[in-house]
Amino acid sequence: MSPRSHAPDAARAVVQYRHHARGYDASAQRTMRIRERTIEKLGLRPGDRVLDVASGTGLSFPLLRAAVGAQGAVVGIDVSPEMTRLARQRVTEAGWQNVTLLESPIESAHIPGPLDAVLFHFTHDVMRSPKALERIFAAAGPDVRIAIAGMKYVPWWMAPVNVIVRAKARPYMTTFEGLHTPWDLALPYLSEFEWRSVLFGIGYIGWGRVQSGAGAAFTSDHGRR
Ligand SMILES: C[S@@+](CC[C@H](N)C(=O)[O-])C[C@H]1O[C@@H](n2cnc3c(N)ncnc32)[C@H](O)[C@@H]1O
């Protein structure tokens, strides 16, 4: 089945990434600069504990591990056995003692806290899963820094470009739902949020902070809450 306007499906993601796992790192090279910029937005310091949501093959681990150092911790969670196996291999080869990997849908993962920061890098399915977000933000707690990157639709007046967005995104997500504002289900959990377009408008980087109380109002365009 191809991704349309339905809810994300973790079981389908497992099947999808069974095929992609081997070629994933090569295909992700063109977005490495976005990965670096997104991780910079987390403002990580030595000793921090960071969650890498849907960590895939662990391509972010070297940057996260370098930022938090040997005293910090990186936790990666991913539903795909094939992606997680490659991530585990990366951790073993590097000899990192403070990188923990869990193979699980985020929706039912036991997320070890406390956390200082949470990275969502090209995790559209998770961004569109209310259950997954509830679990992540419950574990994150107030004032935790977050950074998000991914693909998005361009505005309606450039709508034909969205055919390209769907073609590029298709192998990496099980739903196209929410591609106009992929971050919007996370907003109720945040006290601050800003985002910028990247990749000529077909991608975005967002960053912010988890709120300490309930109730919040947000700006939706390039801007702040
Ligand atoms: C495009 S890859 C991104 C991987 C990694 N974040 C990166 O930047 O290289 C998306 C990942 O999300 C994972 N995924 C999809 N739905 C998930 C879910 N509900 N829980 C955990 N992982 C999920 C897939 O298995 C896949 O590894």
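All ligand and atom numbering here is 1-based and tracks the order in the structure.
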Asker: State whether the shortest distance between N or O atoms of Met83 and N or O atoms of ligand 1 falls below 3.5 angstrom.
Answerer: no
Asker: Determine whether the side chain, the backbone, both or neither of Ser104 has a heavy atom under 4.0 Å from any heavy atom of ligand 1.
Answerer: backbone
Asker: Measure from the ring center of His20 to the ring center of Tyr172 and say whether it is less than 6.0 Å.
Answerer: yes
Asker: Purely on distance, is any nitrogen or oxygen of Arg35 under 3.5 Å from one on ligand 1?
Answerer: yes
Asker: Just going by heavy-atom distances, which of Ala10, Gly56, Ala54 is nearest to atom 6 (N) of ligand 1?
Answerer: Ala54
Asker: Between the main-chain N or O of Phe193 and the side-chain N or O of Arg209, is there a donor-acceptor pair closer than 3.5 Å?
Answerer: no
Asker: Looking only at distances, please establish whether an N/O atom of ligand 1 is found under 3.5 Å from an N/O atom of Tyr172.
Answerer: no
Asker: For atom 13 (C) of ligand 1, which of Thr57, Asp78, Val14, Ile34 has the closest heavy atom?
Answerer: Asp78
Asker: Looking only at N/O atoms, are Asp125 and ligand 1 under 3.5 Å apart anywhere?
Answerer: no
Asker: Can we call the ring centroids of Tyr204 and Trp183 under 6.0 Å apart?
Answerer: yes
Asker: Less than 4.0 Å between a side-chain N and a carboxylate O, is that true for Arg12 and Asp125?
Answerer: no
Asker: Stepwise, does the salt bridge (charged side-chain N to carboxylate O under 4.0 Å, His left out) test hold for Asp9 with Arg128?
Answerer: CA-CA 10 Å; Asp9 181 340; Arg128 303 314 298 170; over 6 Å; no
Asker: Have a look at ligand 1 and work out which part of His121, if any, has a heavy atom under 4.0 Å from it: side chain, backbone, both or neither.
Answerer: both
Asker: I'd like to know if the side chain of Gln71 reaches the main chain of Asp48, judged simply by a donor and an acceptor atom lying under 3.5 Å from each other, with no hydrogens or angles considered.
Answerer: no
Asker: Do any N/O atoms on Ser60 end up under 3.5 angstrom from N/O atoms on ligand 1?
Answerer: no
